[in-house]
There are 2 protein chains.
Amino acid sequence: MSEPGEYSCDMPDEPRWLTDHERDAWLALAKLMFNLPSALDAQLLRDSNLTLFDYFVLSGLSMTPGRTMRLSDLANFVSCSLSRLSNVVKRMEQRGLLRRAPDPESPRYTVATLTDAGWDLVVAAAPGHVAAVRHYVIDGLTPSQIDVLREVACHVTRQIDSAPESARRPQ
Amino acid sequence: MSEPGEYSCDMPDEPRWLTDHERDAWLALAKLMFNLPSALDAQLLRDSNLTLFDYFVLSGLSMTPGRTMRLSDLANFVSCSLSRLSNVVKRMEQRGLLRRAPDPESPRYTVATLTDAGWDLVVAAAPGHVAAVRHYVIDGLTPSQIDVLREVACHVTRQIDSAPESARRPQ
DNA sequence: AGCCTCTGATTCAACCTTGAACCTACATGC
DNA sequence: GCATGTAGGTTCAAGGTTGAATCAGAGGCT
């Protein structure tokens with residue numbers, strides 16, 4: 001597989017390489033993708049013993065009426081696999097941050113409910129986390145840059161959601 | 001630790017929460033950070049049995065005169081820990097994609113050199129990878145959006161590089 | 001009722017990353 | 001010369017993610 005010499009047959013005749021302009025933007029974004037998660041993880045782990053992913057899970061629950069959510073909805077909210085969420089939620093339950101229970105409306109679902117300890121932890125973690133997001137991302141950008149950032153990021157996630165398999169052999 | 005009620009003392013009196021505008025941009029960027037890496041990984045793994053990180057390592061070497069680089073420079077180039085790079089490079093050497101050798105100029109360093117097989121693999125992988133980057137990110141953006149994307153991403157990485165520990169208790 | 005299928009959720013093995021500990025080679029100071 | 005310190009690189013244990021396999025409940029079809 002992946003023999004060179006033949007990709008001029010099943011690939012577009014001349015692959016559309018990135019221009020310098022596009023390549024600079026892509027490399028900068030790639031560097032952001034590699035480094036920003038660990039920078040935010042570091043702050044949260046140091047100050048609250050939470051990963052960024054943990055924080056999103058807890059804050060998703062905290063914003064919900066009853067502080068309760070079905071695992072499948074929560075997985076969709078933080079856009080991760082059910083398998084990963086199941087593991088994370090199990091650990092958080094052992095830490096006493098939330099409780100799992102069968103959904104009273106349908107035993108087919110499982111709901112997670114934030115405990116008081118979980119609530120207190122997000123509340124305590126939020127200011128430091130927001131400060132880090134401001135420091136690394138938001139502060140120093142103009143409102144119009146922030147606007148374009150949102151447009152671009154939404155565009156990317158739309159592409160991913162709409163065509164998860166369409167990068168396959170782009171004819 | 002992380003008791004609520006006291007963060008009004010060692011935190012700014014009123015934490016500067018994100019505005020709706022800022023929050024929308026941040027959540028969109030977060031979703032991108034969570035999903036784009038796996039989308040690009042999926043394409044590369046399916047078509048070339050490489051992760052995005054592998055691809056960056058190989059392409060870093062391929063763009064260098066002699067297709068050779070010191071591990072510490074390479075780690076800096078792909079901005080990762082030496083420990084992680086050491087593991088990745090070891091696996092790639094076992095796959096025959098590159099060779100390790102002591103730097104002839106100073107036995108203190110180790111250099112990695114791309115083999116012919118490694119070169120062929122990046123060359124074969126590049127068109128599909130670039131097509132995926134175009135599909136998920138670049139295509140559909142205007143030149144000015146691409147420009148702002150680069151500015152924003154550079155700003156973020158600058159913040160991370162310049163103040164790796166300054167999110168600590170932002171007085 | 002019985003069968004098939006789909007979705008929600010969990011588990012497990014394989015693999016990867018992280019961070020600390022460790023080793024080597026060089027540089028500096030006394 | 002010798003001790004100390006520092007940077008490059010590797011290794012190892014601990015922990016997290018992935019994807020496949022599995023199980024249970026709900027709905028549709030005959």
Side-chain angles (χ1 to χ4, degrees), chain A residues 33-46 49-57 61 68-95 97-113 164-165, chain B residues 33-46 49-57 68-95 98-113 164-165:
Chain A
M33 280 192 330
F34 280 142
N35 293 327
L36 185 53
S38 21
L40 292 172
D41 271 345
Q43 182 274 324
L44 277 169
L45 280 171
R46 172 161 31 70
N49 198 31
L50 289 173
T51 64
L52 180 59
F53 188 80
D54 295 337
Y55 181 87
F56 269 81
V57 169
L61 286 176
T68 294
M69 216 168 174
R70 289 181 180 164
L71 290 194
S72 41
D73 293 338
L74 192 50
N76 184 53
F77 175 77
V78 297
S79 48
C80 75
S81 70
L82 214 38
S83 166
R84 178 179 185 185
L85 184 65
S86 181
N87 285 318
V88 170
V89 161
K90 191 205 305 177
R91 271 172 252 142
M92 288 185 159
E93 189 172 34
Q94 290 164 354
R95 284 174 69 180
L97 302 180
L98 51 80
R99 265 188 305 272
R100 272 183 296 187
D103 187 335
E105 296 182 7
S106 169
R108 175 179 180 174
Y109 299 96
T110 304
V111 297
T113 304
E165 292 298 326
Chain B
M33 280 191 331
F34 280 143
N35 293 327
L36 186 52
S38 20
L40 293 171
D41 272 345
Q43 182 274 323
L44 278 169
L45 280 172
R46 172 163 30 70
N49 199 31
L50 288 173
T51 63
L52 181 58
F53 186 80
D54 295 337
Y55 181 87
F56 268 81
V57 169
T68 293
M69 217 168 175
R70 290 181 180 163
L71 290 194
S72 41
D73 293 338
L74 192 51
N76 185 54
F77 175 77
V78 297
S79 48
C80 74
S81 70
L82 216 39
S83 167
R84 178 179 185 184
L85 184 65
S86 180
N87 285 318
V88 170
V89 161
K90 191 207 304 177
R91 273 172 250 142
M92 287 185 160
E93 189 173 33
Q94 289 164 354
R95 283 174 70 181
L98 51 79
R99 265 188 305 273
R100 272 183 298 187
D103 187 335
E105 296 182 6
S106 169
R108 176 179 182 172
Y109 299 96
T110 305
V111 297
T113 304
E165 292 299 324

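Below, all heavy atoms of this structure are taken into account, side chains as well, without hydrogens, waters or symmetry copies. Note on naming: letters A, B, ... go to the chains in the order of the sequence lines (proteins, then strands), and numbering restarts at 1 for each one. Please read these numbers as outputs of a predicted model, since none were measured by experiment.
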To the side chain of [X], which of [options] is closest?
X	options	value
B/R91	C/dG8, C/dC16, D/dT17	C/dC16
B/L82	C/dC6, D/dG8, C/dG19	D/dG8
B/S86	C/dA25, D/dT11, C/dA9	D/dT11

Nearest-Å distance for atom pair [atom1]/[atom2], residues [X] and [N]:
X	N	atom1	atom2	answer
A/R84	C/dT11	CZ	P	18 Å
A/N49	C/dT18	CG	P	17 Å
B/L45	D/dT18	CG	C1'	11 Å
B/L52	C/dT17	CG	P	12 Å
A/L71	C/dT10	CG	P	5 Å
A/R70	C/dA9	CZ	P	8 Å
B/L85	D/dA7	CG	C1'	16 Å
B/D103	D/dG8	CG	P	12 Å

* Do B/S38 and B/D41 meet the criterion of a side-chain donor-acceptor pair at a distance under 3.5 Å? -> no
When A/V111 and B/F53 are each assigned the nearest nucleotide of DNA chain C, the 5'-most assignment goes to A/V111
Judged by nearest nucleotide, the residue sitting upstream toward the 5' end of DNA chain C, B/N87 or A/S72, is A/S72
Please determine whether a side-chain nitrogen or oxygen atom of [X] lies at a distance below 4.0 Å from atom OP1 or OP2 of [N].
X	N	result
B/K90	D/dT11	yes
A/R108	D/dA24	no
A/R100	C/dT10	yes
A/S83	C/dA9	no
B/S106	C/dA25	no

Under the side chain to side chain contact (heavy atoms under 4.5 Å, CB included) criterion, do A/L61 and A/T113 qualify, and how do the steps go? CA-CA 7 Å; A/L61 286 176; A/T113 304; over 6 Å; no
Handout entry: Heavy-atom side-chain proximity of A/V78 to A/F53 below 4.5 angstrom
Key =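 Side-chain contact under 4.5 Å: yes.
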Practice problem: Kindly indicate whether the side chain of B/M69, heavy atoms from C-beta on, has any atom under 4.5 Å from the side chain of B/N76. | Solution: no
Grab the two heavy atoms, one from A/L82 and one from A/S72, that are nearest each other, plus how far apart they are.
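Looks like CD1-CA, 4.1 Å.
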